[in-house]
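A short worksheet on the structure shown next.
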Amino acid sequence: MRIVLGVAGGIAAYKAAALCSTLVQRGDEVDVVMTDGAERFVGALTFAALTRRPVLTSLWDAPDTIPHIALARSAGVIAIVPATANVVAKLALGIADDLLTNVALAARVPLVVAPAMNSAMYEHPATRGHLETLRARGVTIVEPGVGFLAERETGIGRLADADAIVAAIDAAGARANDLAGERVVVTAGPTREAIDPARYLSNASTGTMGIELAREAVARGADVDLVLGPTTVEPPAGARVTRVVSADDMYAATMTRAAHATFALAAAAVADWRPAEPSAEKRKKHDGDESLALVRTPDILAALGARKNGTFLVGFAAETQDAEAYGREKLQRKHLDAIAVNDVSGERGFGTGDNSLVVLWGADGRRDLGTASKRELAARLWDALLDVRAKRV
Ligand SMILES: Cc1cc2nc3c(=O)[nH]c(=O)nc-3n(C[C@H](O)[C@H](O)[C@H](O)COP(=O)(O)O)c2cc1C
């Protein structure tokens with residue numbers, strides 16, 4: 001793999017030399033870019049000797065090759081180890097005032113960032129916010145660990161272990177383009193079923209899982225349509241987003257978009273019922289019977305299952321009891337190729353950061369994706385879906 005290894009000016013810069021050596025020994029081509037700060041901690045000569053390649057430190061040294069663009073285009077992955085609070089902030093804001101930040105801004109390849117800093121700097125709301133921005137953009141953050149810091153105190157901020165950083169680089173590199181050529185449709189979010197102009201029936205879905213699946217698919221090279229119910233969670237850049245409100249709208253938008261899809265992932269929490277006769281005026285309170293007549297909404301997943309034309313169809317089951325048994329039954333009944341089941345009892349599931357998923361397919365296929373952030377689970381789910389499809393063909 002061709003890796004651009006960015007080294008910033010933190011005390012952990014010396015550890016980047018060992019990481020660089022590991023990557024070179026296993027056959028990666030590594031171009032090291034150092035910030036001015038990094039050069040105060042480690043000599044460029046160390047990296048030049050390890051990589052047998054020139055170490056790049058300045059934006060201004062080689063105008064004939066425009067180094068930041070050339071490097072950004074040549075790399076499979078860019079890894080910044082260690083990333084200082086300063087570099088994290090610049091990446092989040094799109095500031096490009098040295099070679100490393102220019103390369104990162106010009107690149108369209110996966111970015112892996114391993115921050116290392118003093119606990120107070122790491123926990124500062126500015127740094128937390130910048131890391132969150134980067135995560136939301138699809139950057140892999142290799143979280144620092146707790147340990148003995150240069151300030152001779154123990155705290156969070158110590159550079160992650162080399163194994164974790166290498167694993168993150170590999171995962172980012174392997175996933176970079178494995179959905180190229182795929183046409184993916186994802187539904188996400190809740191739907192709203194109008195009772196009257198001011199009120200509706202809905203559910204607790206935030207759409208985060210589907211949005212993360214769409215984001216991951218974009219990052220891995222797919223052409224992505226996201227059919228998104230009402231949510232304040234931001235959809236990913238790079239997906240075509242169709243905003244819908246009701247189950248009827250979602251049905252119409254999804255069926256047209258799924259006709260030529262290679263993958264359809266129905267992650268939306270579509271309302272099962274809608275008021276039979278939504279009122280054009282705001283309903284008034286009455287004495288006596290106030291019950292609301294409901295009718296079933298269209299079953300998008302069943303319709304996709306009935307009409308699929310080579311599309312790999314994935315359903316979701318969020319259940320509070322017997323989740324897997326129900327998921328297996330839904331898989332068969334709706335002619336799905338796979339189903340992702342999660343238990344939404346207790347704290348897990350809707351809206352919370354972490355989630356747990358189990359994927360089921362065929363008569364007895366099962367893979368537990370564990371408990372992780374929805375972003376990480378989205379990556380693991382795509383890995384699983386590609387494996388299941390590859391085995392089936
Ligand atoms: C001894 C020393 C150690 C430092 N260690 C860190 C560190 O571990 N992480 C960090 O974010 N900044 C650290 N800094 C501050 C950065 O060097 C400073 O913010 C610098 O501007 C970073 O430049 P760069 O991000 O362009 O490399 C340290 C500074 C000194 C003097």
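Each ligand, and each atom within it, is numbered from 1 in the order the structure gives.
The contact set between ligand 1 and Ala8, taken as ligand atoms under 4.0 Å from a residue heavy atom, comprises 27 (O). If you number the atoms of ligand 1 from 1 as listed, the ones under 4.0 Å from a heavy atom of Gly10 come out as 5 (N), 6 (C), 7 (C), 8 (O). Interface atoms of ligand 1 facing Ala85, defined by a heavy-atom separation under 4.0 Å, are 10 (C), 11 (O). Near Thr84, with a cut-off below 4.0 Å to any heavy atom, the atoms of ligand 1 are 10 (C), 11 (O), 12 (N), 24 (P), 25 (O). When each atom of ligand 1 is checked for a heavy atom of Ala116 under 4.0 Å away, the hits are 7 (C), 8 (O), 9 (N), 10 (C), 11 (O). Shown in contact with Thr35 at under 4.0 Å from a heavy atom are these atoms of ligand 1, numbered in order with element: 24 (P), 26 (O), 27 (O). The distance from ligand 1 to the heavy atoms of Val87 drops below 4.0 Å at these ligand atoms: 25 (O).
Protein non-hydrogen atoms do reach within 4.0 Å of atom 10 (C) of ligand 1. The presence of a protein heavy atom under 4.0 Å from atom 31 (C) of ligand 1 is ruled out. Remark: atom 6 (C) of ligand 1 lies closer than 4.0 Å to at least one protein heavy atom.
Which of Thr101, Asn86, Asp97, Ile11 comes nearest to atom 8 (O) of ligand 1 through a heavy atom is settled by distance: it is Ile11. Among Ala89, Gly9, Gly6, the residue whose heavy atom lies nearest to atom 27 (O) of ligand 1 is Gly9.
Using a cut-off of 4.0 Å between Lys/Arg side-chain N and Asp/Glu carboxylate O, Arg240 and Asp223 are scored as salt-bridged. The pair Asp170-Arg26 meets the salt-bridge criterion, with a side-chain N (NZ, NE, NH1 or NH2) lying under 4.0 Å from an Asp/Glu carboxylate O. Classification of Arg53 and Glu29 as a salt-bridged pair holds, one side-chain N sitting under 4.0 Å from a carboxylate O. Taking a cutoff of 4.0 Å between a charged side-chain nitrogen and a carboxylate oxygen, Asp178 and Arg220 qualify as a salt bridge. Salt bridge annotation for Glu132-Arg128: absent, with no cationic side-chain nitrogen under 4.0 angstrom from a carboxylate oxygen. Ionic pairing of Lys90 and Asp97 is present here: one or more N-O contacts between side-chain nitrogen and carboxylate oxygen are shorter than 4.0 angstrom.
No side-chain donor-acceptor contact under 3.5 Å links Asn355 to the backbone of Lys374. Using modelled atom types, no side-chain atom of Asp28 and backbone atom of Val30 make a donor-acceptor pair closer than 3.5 Å.
Between Leu265 and Leu385 the shortest side-chain heavy-atom distance falls below 4.5 Å. Within the 4.5 Å cutoff, the side chain of Asp337 has no heavy atoms near those of the Val388 side chain.
Taking only nitrogen or oxygen atoms, main chain and side chain alike, Asp98 does not reach within less than 3.5 Å of ligand 1. An N or O contact shorter than 3.5 Å is missing between Lys90 and ligand 1 by distance.
Taking atom 4 (C) of ligand 1 as the reference point, the nearest protein heavy-atom neighbour is Phe41 CZ, 3.8 Å.
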